[in-house]
S.K.: 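Starting off with a structure, shown below.
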Amino acid sequence: QVQLVESGGGLVQAGGSLKLSCAASGRGFSNYALAWFRQATGKEREFVAGIRWSGDSTDYADSVKDRFSISRDNAKKRVDLQMNALNPEDTAVYFCAARPWRVARTDKYDYWGQGTQVTVSS
């Protein structure tokens, strides 16, 4: 069982940066792939970025590639999402999620956090 709690959301102007963090508790964290999803108002939840259990492989949605960076610290049981060059289309609730071993772009994850709001003003 893994519990996930996101933090770091907020209001930022277009072109700015934010860093989201997801703190995990429970057992087996280092065996889980971790991902960030987001859901904008009126839209479906979508994959943003993911990192393999070992940290040696990452995946990004095309819309955030070269702007966002995902990283993890297994010792601290934490995964971060550094978001740069934000634009209003990045406005959404961002969720942290975990599933065994490998990243998936679908929402087939076993554990989810409650989400943190990111709002980008123009």
S.K.: Looking at Asn74 and Lys77, would you say the former's side chain and the latter's main chain have a donor-acceptor pair under 3.5 Å?
M.R.: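 No; zero donor-acceptor contacts below 3.5 Å.
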S.K.: Is the distance between the ring centroids of Phe37 and Phe95 under 6.0 Å?
M.R.: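 Centroid distance Phe95-Phe37: not below 6.0 Å, so no.
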S.K.: With side chain to side chain contact (heavy atoms under 4.5 Å, CB included) as the test, would you mind laying out the steps for Met83 and Leu20 before giving the verdict?
M.R.: CA-CA 8 Å; Met83 306 186 294; Leu20 305 183; 3.7 Å; yes
S.K.: Any non-hydrogen side-chain atom of Glu6 less than 4.5 Å from a side-chain atom of Trp36?
M.R.: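 They are in contact (side-chain heavy atoms under 4.5 Å apart), so the answer is yes.
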S.K.: Quick one: do Lys19 and Asp80 satisfy salt bridge (charged side-chain N to carboxylate O under 4.0 Å, His left out)? Show the steps, please.
M.R.: CA-CA 7 Å; Lys19 185 176 182 179; Asp80 295 330; 3.7 Å; yes
S.K.: Using the side chain to side chain contact (heavy atoms under 4.5 Å, CB included) definition, which of the options Val103, Thr58, Val48 pairs with Ile70?
M.R.: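 Among Val103, Thr58, Val48, the one meeting side chain to side chain contact (heavy atoms under 4.5 Å, CB included) with Ile70 is Thr58.
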S.K.: Salt bridge between Arg105 and Asp59, side-chain N to carboxylate O under 4.0 Å?
M.R.: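 Between Asp59 and Arg105 there is a salt bridge, with a charged N closer than 4.0 Å to a carboxylate O.
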S.K.: Applying side chain to side chain contact (heavy atoms under 4.5 Å, CB included) between Phe68 and each of Asn84, Asp90, Leu18, report the one that passes.
M.R.: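 Answer to the side chain to side chain contact (heavy atoms under 4.5 Å, CB included) test with Phe68 among Asn84, Asp90, Leu18: Asp90.
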S.K.: Check step by step if side chain to side chain contact (heavy atoms under 4.5 Å, CB included) holds for Arg78 and Cys22.
M.R.: CA-CA 6 Å; Arg78 195 177 82 191; Cys22 176; 5.8 Å; no
S.K.: Run Arg52 and Leu34 through side chain to side chain contact (heavy atoms under 4.5 Å, CB included) and show every step you take.
M.R.: CA-CA 7 Å; Arg52 198 164 174 252; Leu34 299 165; over 6 Å; no
S.K.: Checking side-chain hydrogen bond (donor to acceptor under 3.5 Å, both in side chains) for the pair Ser25/Gln3: CA distance, chi angles, key distance, verdict?
M.R.: CA-CA 5 Å; Ser25 59; Gln3 294 80 41; 3.0 Å; yes
S.K.: Flag yes if more than 12 heavy atoms outside Asp66 fall under 6.0 Å of its CG atom; otherwise flag no.
M.R.: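 Open: at most 12 neighbouring heavy atoms sit under 6.0 Å from CG of Asp66.
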S.K.: Side chain to side chain contact (heavy atoms under 4.5 Å, CB included) for Tyr111 and Gln1? Distances and angles first, verdict last.
M.R.: CA-CA 8 Å; Tyr111 304 104; Gln1 189 81 6; 3.9 Å; yes
S.K.: Could I get the full list of side-chain contact (heavy atoms from CB on, under 4.5 Å) partners for Thr106, not counting sequence neighbours?
M.R.: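 For Thr106, the residues satisfying side-chain contact (heavy atoms from CB on, under 4.5 Å) (neighbours in sequence not counted) are Ala104, Lys108.
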S.K.: Answer with yes or no whether the hydrophobic clustering places Tyr94 together with Trp112; edges join I, L, V, M, F, W, Y residues whose side-chain heavy atoms lie under 4.5 Å apart.
M.R.: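 Not linked; separate clusters.
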S.K.: Where is the tightest heavy-atom contact between Val12 and Leu86, given as atom of each residue plus distance?
M.R.: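 Minimum heavy-atom separation between Val12 and Leu86: CG1-CD1, 3.6 Å.
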